[in-house]
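The structure displayed is predicted, hence computed values, not measured ones. Basis for what follows: all heavy atoms, side chains included, without hydrogens, waters or symmetry-related copies.
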Amino acid sequence: MNMREFSDKVELSAYTLRYYEKIGLLKHVQRNTSGHRVYSNRDIDWVSFIKRLKDTGMPLEEIQTYASLRELGAQTVKERQALLENHQENLVKHIMQQNEHLKALDEKINLYKSGEMS
């Protein structure tokens, strides 16, 4: 699929996709005889994973580290696993913090609803 189709499918701008290519997150993107990028379903899976990591708060530098390890192949599985496990721990902590914030907001809203606070 071409850039426009791919961009629509992964819900990222062409600018962002070119940037990901420039910083090494998207490697080996095929090109047609005219030199235009041609993306595959495998590219969709990879970009979806990148988006998930970003959406869960992984810094771009760590995503780049993961991508570099992935590029090196199967011998880096343990390192990639460790990187993801570390991110998982950070994500769990973040979710716990957000739940505490939500609880505090709920309590404040309930005070307003009960009329005990004006």
Side-chain angles (χ1 to χ4, degrees):
M1 72 196 80
N2 65 31
M3 173 71 82
R4 177 175 288 153
E5 294 166 331
F6 186 69
S7 174
D8 288 345
K9 203 163 256 250
V10 297
E11 298 178 335
L12 290 174
S13 69
Y15 175 82
T16 299
L17 293 171
R18 284 190 294 273
Y19 177 69
Y20 283 0
E21 199 172 334
K22 179 181 175 184
I23 65 170
L25 288 181
L26 267 175
K27 290 188 176 182
H28 312 294
V29 174
Q30 299 298 310
R31 295 194 180 249
N32 64 19
T33 55
S34 303
H36 296 101
R37 292 169 179 86
V38 179
Y39 296 94
S40 68
N41 287 331
R42 189 167 185 223
D43 294 322
I44 290 173
D45 293 342
W46 173 236
V47 170
S48 295
F49 186 64
I50 291 170
K51 285 179 62 178
R52 172 134 358 239
L53 294 176
K54 280 186 56 63
D55 288 347
T56 57
M58 182 180 272
L60 198 53
E61 295 78 23
E62 285 183 33
I63 298 171
Q64 286 175 289
T65 299
Y66 182 91
S68 294
L69 291 169
R70 177 179 177 254
E71 185 73 19
L72 294 173
Q75 69 268 22
T76 66
V77 167
K78 292 287 187 194
E79 292 160 282
R80 286 183 275 160
Q81 179 182 344
L83 190 68
L84 292 178
E85 287 172 345
N86 184 56
H87 179 60
Q88 181 183 44
E89 289 173 23
N90 291 336
L91 183 57
V92 167
K93 289 177 190 173
H94 179 73
I95 290 169
M96 289 172 59
Q97 285 178 325
Q98 294 303 309
N99 282 329
E100 288 298 315
H101 295 320
L102 183 59
K103 181 180 171 187
L105 283 172
D106 286 344
E107 290 170 3
K108 182 62 91 175
I109 290 168
N110 287 332
L111 278 175
Y112 286 126
K113 284 181 178 179
S114 69
E116 294 178 26
M117 192 172 187
S118 47

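Heavy atoms from other residues, nucleotides or ligands lying under 6.0 Å from NE2 of His101 number more than 12. Counted within 6.0 Å of CZ on Arg52, heavy atoms from surrounding residues, nucleotides or ligands total 12 or fewer; the atom is thus considered open. Atom NZ of Lys51 has more than 12 neighbouring heavy atoms from other residues, nucleotides or ligands inside a 6.0 Å radius. Counting non-hydrogen atoms of other residues, nucleotides and ligands closer than 6.0 Å to CD of Gln30 gives a total of 12 or fewer. No more than 12 heavy atoms of other residues, nucleotides or ligands sit less than 6.0 Å from atom CD of Glu11.
By the side chain to side chain contact (heavy atoms under 4.5 Å, CB included) test, Ala14 is found to be paired with Met3, Arg18, residues two or more places apart in sequence or in another chain being considered. Scored by the side chain to side chain contact (heavy atoms under 4.5 Å, CB included) test, Glu61 finds Pro59, Gln64 as partners (sequence neighbours excluded). Residues meeting the side chain to side chain contact (heavy atoms under 4.5 Å, CB included) test with Tyr19, sequence neighbours left out: Ile23, Leu60. The salt bridge (Lys or Arg N to Asp or Glu O under 4.0 Å) search around Arg37 returns Glu21, not counting sequence neighbours. By the side chain to side chain contact (heavy atoms under 4.5 Å, CB included) test, Lys113 is found to be paired with Ile109, Asn110, residues two or more places apart in sequence or in another chain being considered.
Nearest heavy atom pair, residue Leu25 against residue Trp46, reads O-NE1, 2.5 Å. The shortest heavy-atom contact between Leu111 and Ser114 is O-OG, 2.9 Å.
Note that NE2 of His94 and CG of Asn99 are 10.0 Å apart. Values are rounded to the nearest 0.5 Å. Note: Lys54 NZ to Tyr20 OH = 4.5 Å, rounded to the nearest 0.5 Å. For the atom pair NZ of Lys27 and OG of Ser68, the computed distance is 5.5 Å after rounding to the nearest 0.5 Å. Taking CE from Met1 and CD1 from Ile44, the interatomic distance works out to 3.5 Å, rounded to the nearest 0.5 Å. To the nearest 0.5 Å, atom CZ of residue Arg4 and atom CG of residue Leu17 are 13.0 Å apart.
When side chains are defined from C-beta on, Met96 counts as touching Val92, because their heavy atoms get closer than 4.5 Å. Proximity of Tyr39 to Val10: side-chain heavy atoms (C-beta onward) are nowhere separated by under 4.5 Å. The shortest side-chain heavy-atom distance between Leu83 and Glu62 falls under the 4.5 Å cut-off. You'll find the side chain of Tyr66 stays beyond 4.5 Å of the side chain of His87, heavy atoms only. Leu84 has its side chain within reach of Leu53: a pair of non-hydrogen atoms, C-beta onward, lies under 4.5 Å apart.
In the hydrophobic cluster analysis, where Ile, Leu, Val, Met, Phe, Trp and Tyr join through side-chain heavy atoms closer than 4.5 angstrom, Val38 is grouped apart from Leu12. Under the 4.5 Å side-chain heavy-atom criterion for grouping Ile, Leu, Val, Met, Phe, Trp and Tyr, Val29 is connected to Ile50 within one hydrophobic cluster. Note on Ile63: it does not cluster hydrophobically with Leu91, by side-chain heavy-atom contacts below 4.5 Å among ILVMFWY residues.
The backbone N or O of Asn2 sits less than 3.5 Å from a side-chain atom of Glu5, completing a donor-acceptor pair. When atom types are taken as modelled, the side chain of Asp45 and the backbone of Arg42 share no donor-acceptor pair closer than 3.5 angstrom.
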Table please: side-chain donor-acceptor pairs of residues 73-80 below 3.5 Å, with sequence neighbours left out.
| unit_1 | atom_1 | unit_2 | atom_2 | d |
| --- | --- | --- | --- | --- |
| Gln75 | NE2 | Leu72 | O | 2.8 |
| Thr76 | OG1 | Leu69 | O | 2.6 |
| Thr76 | OG1 | Gly73 | O | 2.8 |
| Thr76 | OG1 | Arg80 | NE | 3.0 |
| Thr76 | OG1 | Arg80 | NH2 | 3.4 |
| Arg80 | NH2 | Gly73 | O | 3.0 |

